[in-house]
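Single-structure report; data block below.
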Amino acid sequence: MNQVTSAYIKIALAMAIVGSSVVFGKLIISSFPVFLASELRFIIATIILIILLLRQEKKFPYIGFKDLMIFFLQAFTGVFLFNIFMLYGLKFTTAIEAGIITSTLPAVIGLVSFLFLKEKLTIKKDWELYLR
């Protein structure tokens, strides 16, 4: 199997896992409070990621304070708050509707980048980045 095919398979698997998180989130919040459900997800993910890190790298890498703060802000806004808002939103909608809503996220990010950050969006530029 060549690298491109392998990359597409890995991307498809990653998206299937991410997409299934909405469905599992709906099932979990029917039994647990939102913050407890979120905490359980993060604990399980942390354990798995630490095992993979130690298996791959054999030790914890040194991370400077500035990088640590950037990682914290990214994790807080891009992972923690996203999951909390998604789980709270799932209380008021179905998993299918939530999946459709969250799938619009890339388009919304592109639109916000265009409107507020004044980024230029061109089909050629965007497709070149997508196909790399």
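Worth knowing before you read on, the calculation uses all heavy atoms, side chains too, and leaves out hydrogens, waters and symmetry mates.
Within 6.0 Å of the CG atom in L36, the count of heavy atoms belonging to other residues, nucleotides or ligands exceeds 12.
The side-chain contact (heavy atoms from CB on, under 4.5 Å) test with L111 is passed by exactly one of V108, L115, I109: L115.
Within the structure, side-chain hydrogen bond (donor to acceptor under 3.5 Å, both in side chains) pairs that include any residue of residues 41-57 comprise R41-N83 (at least two apart or interchain). Applying the side-chain hydrogen bond (donor to acceptor under 3.5 Å, both in side chains) definition to pairs two or more places apart or across chains, none involves residues 22-40.
Taking the six-membered ring where the residue is Trp, F80 and F35 present tilted rings, their angle falling between 30° and 60°.
In plain terms, the two heavy atoms of L90 and G25 that are nearest each other are CD1-C, 3.8 Å.
In the hydrophobic clustering of this structure, I50 does not group with F42; members are Ile, Leu, Val, Met, Phe, Trp, Tyr whose side-chain heavy atoms approach within less than 4.5 Å, directly or through other members.
Listed by chain and residue number, E97 satisfy the side chain to side chain donor-acceptor pair (under 3.5 Å) test with T93 (two or more places apart in sequence, or in another chain).
Side-chain contact between I29 and Y88 is absent, with no heavy atoms from C-beta onward closer than 4.5 Å. Side-chain contact between V34 and K91 is present, with at least one heavy-atom pair separated by less than 4.5 Å. With contacts defined as side-chain heavy-atom distances shorter than 4.5 Å, the pair L54/F60 qualifies.
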Practice task
Dump the intermediate steps for side-chain contact (heavy atoms from CB on, under 4.5 Å) on F72 and L68, then the final yes or no.
Solution key: CA-CA 6 Å; F72 172 78; L68 196 60; 5.9 Å; no

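Note that CG of L13 is 15.0 Å distant from OH of Y8, once rounded to the nearest 0.5 Å. Annotation: the span from Q74 atom CD to D67 atom CG amounts to 10.0 Å, rounded to 0.5 Å.
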